[in-house]
Structures are given as C-alpha cells and as structure tokens.
Enquirer: 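Just dropping this structure here.
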Amino acid sequence: MNALLGSLQTCIESHFPGMAASLNPGASDADMDAFERAIGASLPSSVRALYRWHNGQAGDTGHDVIGLFFGLPFLTLDESLRHWKEGTDFLDDMTAVERTAASSQYCCLPRGTVRQCAASKAWIPLADDAGGAYLGIDLDPDAAGSMGQVISFGGREFTRVQAGASLEQFLERLLGLYENGEYALVEEDDDEFSLSTVEPDTDHFLDYLRLKAQAQYPDV
C-alpha cells in the first residue's frame, strides 16, 4: 500500500501540482483511533495507511485545486465523521418496516456486492460531491462483496457501484486513469478547474463509475 501511495504522490505532483499542494499532513494513529471509537468499528489497514499518508485535503487552497478522487475532494477524518453522522443519524429513528421501504429503491453493481439499504453506519465517506453523494469504504458488504471495498452511496445514488474490491484496487485504477491521461482538464467560468472523464464522457466521477458498471453488467 505504501508503494502504491508513493506512486500516486509522484503522479499527482507531476500532473496536478495544485492537488498535491492541497493535501494535508498525515493523521496520527491517535487521530485514527479516536475516529474508530466514534464510528464503533475498526478501519482496514489500507484505510489507516491512506490517512497516515494524508489526512484529506485543505478546503480552500486556490483556483487550480482539484479533488484527489478524480475531482471529488478527499475528506479529512473530521469531515468524514461529520458526514457519517449526518448521513446515518436518521436511521435510529426508523422502524424496521420503514427501513425496508426506504431500501427498496436501491440496487448495486455488480449484483450482490453492496447491501440494499438506504444508508448504513458501515459506510465510511472518503469523498463527497457537496450534494449528498459519496465515495467511501464499506465495512459490511453483501455476500458477493468484500470487506473494505470502495463503493458509491448516498440518498440519490440509486445504483451503488463497487468501485474497487479493495482500496488498493481502487487506487490502482485511479492511478491508471491519471498516468494514461484518461481525463480532460476543464476550466470553469470562475477560473476554477475540474476533471472530466473521456470514455464515457462525464464531468462527475460517480456518474462515470455507474456508466462503466452499467456497460459491464447490462442485464442488471
């Protein structure tokens, strides 16, 4: 994992210097221990390595800063915990019947990887789109999933996607997109920049993940 993170660091320093400059110093083991106590679960070693590498990105560091995860900003531990609480507190007030009803509108790709539920305290946000959609770690996968898999989730993400069977696999794929130049750098009207995928062409990384998964599993 450390070698992979080193390669990612080198890559973004070369391709996206603003992104690299926005990354915070790493979190301490004490910081991560406190986070685990707050969520009531242990983080996979790969996630601890990620946060030991950098504790998310700074919030406002200039017009040329792009989110680490193909435009989605890397959340600090504090930000992740805040989103986790905001996205799951309502579960404690729901009955089992209400939870089942709320879950019925969701599905996942590949089938059987992500549990069918509206929200879960086992989903730990790594990145958000500022609109209630997330990329994160799944600590309670469905039968065909894997512990620590990277998934998309959120109230309006009706098709959840397994973006990587592990954090390592996901980061390897992300690194490949960057190293192979499979992106377009888009300058916005306010002199800020964003990334767009090229195949399929979309300006939202979670949409890219869903479209890729739908093309791979067209029968779902």
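Values below: every heavy atom of this structure, side chains too, minus hydrogens, waters and symmetry copies.
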Enquirer: Looking at every heavy atom in both Ser146 and Gln162, which two are closest together, and how far apart are they?
Expert: OG-NE2, 4.2 Å

Enquirer: Sequence neighbours left out, what pairs pass ring-ring contact (aromatic ring centres under 6.0 Å, His included) with at least one residue falling in residues 35-59?
Expert: Tyr51-Phe74

Enquirer: Distance-only criterion, 3.5 Å: show the donor-acceptor pairs between side-chain atoms of residues 131-144 and protein atoms not counting sequence neighbours.
Expert:
{"residue": "Tyr134", "atom": "OH", "partner": "His83", "partner atom": "ND1", "Å": "2.9"}
{"residue": "Asp138", "atom": "OD1", "partner": "Trp123", "partner atom": "NE1", "Å": "3.3"}
{"residue": "Asp138", "atom": "OD1", "partner": "Asp140", "partner atom": "N", "Å": "2.9"}
{"residue": "Asp138", "atom": "OD2", "partner": "Gln149", "partner atom": "NE2", "Å": "2.8"}
{"residue": "Asp140", "atom": "OD1", "partner": "Arg115", "partner atom": "NE", "Å": "3.3"}
{"residue": "Asp140", "atom": "OD1", "partner": "Arg115", "partner atom": "NH2", "Å": "3.4"}
{"residue": "Asp140", "atom": "OD2", "partner": "Arg115", "partner atom": "NE", "Å": "3.1"}

Enquirer: Could you check if a side-chain atom of Leu5 sits within less than 4.5 angstrom of a side-chain atom of Arg52, using non-hydrogen atoms only?
Expert: no

Enquirer: Hey, what do you get for CD (Glu36) to CG (Leu77), rounding to the nearest 0.5 Å?
Expert: 9.5 Å

Enquirer: Would you say the side-chain atoms of Ser46 pair up with the backbone N or O of Leu167, donor to acceptor, closer than 3.5 Å?
Expert: no

Enquirer: Verify whether one side chain among Ser196 and Asp201 offers a donor that lies under 3.5 Å from an acceptor in the other.
Expert: yes

Enquirer: Got a donor-acceptor contact below 3.5 angstrom from the Arg173 side chain to the Ala163 backbone?
Expert: yes

Enquirer: Would a distance-only check, ignoring hydrogens and angles, find a side-chain to backbone donor-acceptor pair under 3.5 Å from Gln57 to Ile66?
Expert: yes

Enquirer: Please give me the minimum heavy-atom distance between Pro44 and Gly148, naming the atom from each residue.
Expert: CG-CA, 4.2 Å

Enquirer: Is the backbone of Thr76 close enough, under 3.5 Å, to the side chain of Asn24 for a donor and an acceptor to pair up by distance?
Expert: no

Enquirer: Could you go through Leu8 and Leu171, starting from their C-alpha distance and side-chain angles, then the distance that decides it, and tell me whether this counts as side chain to side chain contact (heavy atoms under 4.5 Å, CB included)?
Expert: CA-CA 8 Å; Leu8 183 59; Leu171 292 177; 4.3 Å; yes

Enquirer: If every non-hydrogen atom of Leu91 is compared with every non-hydrogen atom of Ala119, which pair is closest and at what distance?
Expert: CD1-O, 3.8 Å

Enquirer: Any idea how Phe69 and Phe170 line up, ring-wise: parallel (<30°), tilted (30 to 60°), or perpendicular (>60°)?
Expert: tilted

Enquirer: Count the heavy atoms belonging to other residues, nucleotides or ligands that lie under 6.0 Å from CD of Glu199, then report whether that count exceeds 12.
Expert: no

Enquirer: Considering only heavy atoms from C-beta outward, does the side chain of Leu68 approach that of Met19 to under 4.5 Å?
Expert: yes

Enquirer: Going by heavy atoms in the side chains, are Trp84 and Ile39 under 4.5 Å from each other?
Expert: yes

Enquirer: Do Lys212 and Pro200 have side chains that approach each other closer than 4.5 Å (heavy atoms only, starting at C-beta)?
Expert: yes

Enquirer: Rounded to the nearest 0.5 Å, how far does CE of Met1 lie from OG of Ser166?
Expert: 8.5 Å

Enquirer: Taking the side chain as every heavy atom from C-beta outward, state whether Glu182 and Thr197 have any pair of such atoms under 4.5 Å apart.
Expert: no

Enquirer: Which heavy atom in Thr159 sits nearest to a heavy atom in Ser152, and how many Å separate them?
Expert: O-OG, 4.0 Å

Enquirer: Can you name the closest pair of heavy atoms from Cys11 and Glu179 and give their distance?
Expert: SG-CG, 3.8 Å

Enquirer: So, do Leu206 and Leu72 sit near enough that their side-chain heavy atoms are less than 4.5 Å apart?
Expert: yes

Enquirer: Any side-chain heavy atom of Val161 sitting closer than 4.5 Å to one from Ile151?
Expert: no

Enquirer: Are any of the side-chain heavy atoms of Ser28 and Asp31 separated by less than 4.5 Å?
Expert: yes

Enquirer: Let's go through Val186 and Leu195 carefully: what are the C-alpha distance in whole Å and the side-chain angles of both, what is the deciding distance for side chain to side chain contact (heavy atoms under 4.5 Å, CB included) to 0.1 Å, and is it a yes or a no?
Expert: CA-CA 6 Å; Val186 180; Leu195 286 181; over 6 Å; no

Enquirer: Looking only at the aromatic ring of each residue, does the gap between the centers of Tyr208 and Tyr183 stay below 6.0 angstrom?
Expert: no

Enquirer: Salt bridge check, Asp92 against Lys121: does any charged N sit closer than 4.0 Å to a carboxylate O?
Expert: yes

Enquirer: Might you point out which heavy atoms bring Asn55 and Ala27 nearest each other, and give the distance in Å?
Expert: CB-N, 3.7 Å

Enquirer: Determine whether Phe205 and Arg210 satisfy the following criterion, side chain to side chain contact (heavy atoms under 4.5 Å, CB included), listing intermediate values before the conclusion.
Expert: CA-CA 9 Å; Phe205 189 47; Arg210 175 178 48 80; over 6 Å; no

Enquirer: With a 3.5 Å distance limit and no angle check, can you tell me whether Arg111 reaches the backbone of Cys108 through a side-chain donor-acceptor pair?
Expert: no

Enquirer: If you look only at pairs with a residue in residues 85-106, which of them pass as a ring-ring contact (aromatic ring centres under 6.0 Å, His included), with sequence neighbours excluded?
Expert: Tyr106-Phe158

Enquirer: May I ask you to say whether Asp33 pairs ionically with Arg48, meaning some side-chain N is under 4.0 Å from a carboxylate O?
Expert: yes

Enquirer: Rounded to the nearest 0.5 Å, how far does NE2 of His15 lie from CG of Leu185?
Expert: 11.5 Å

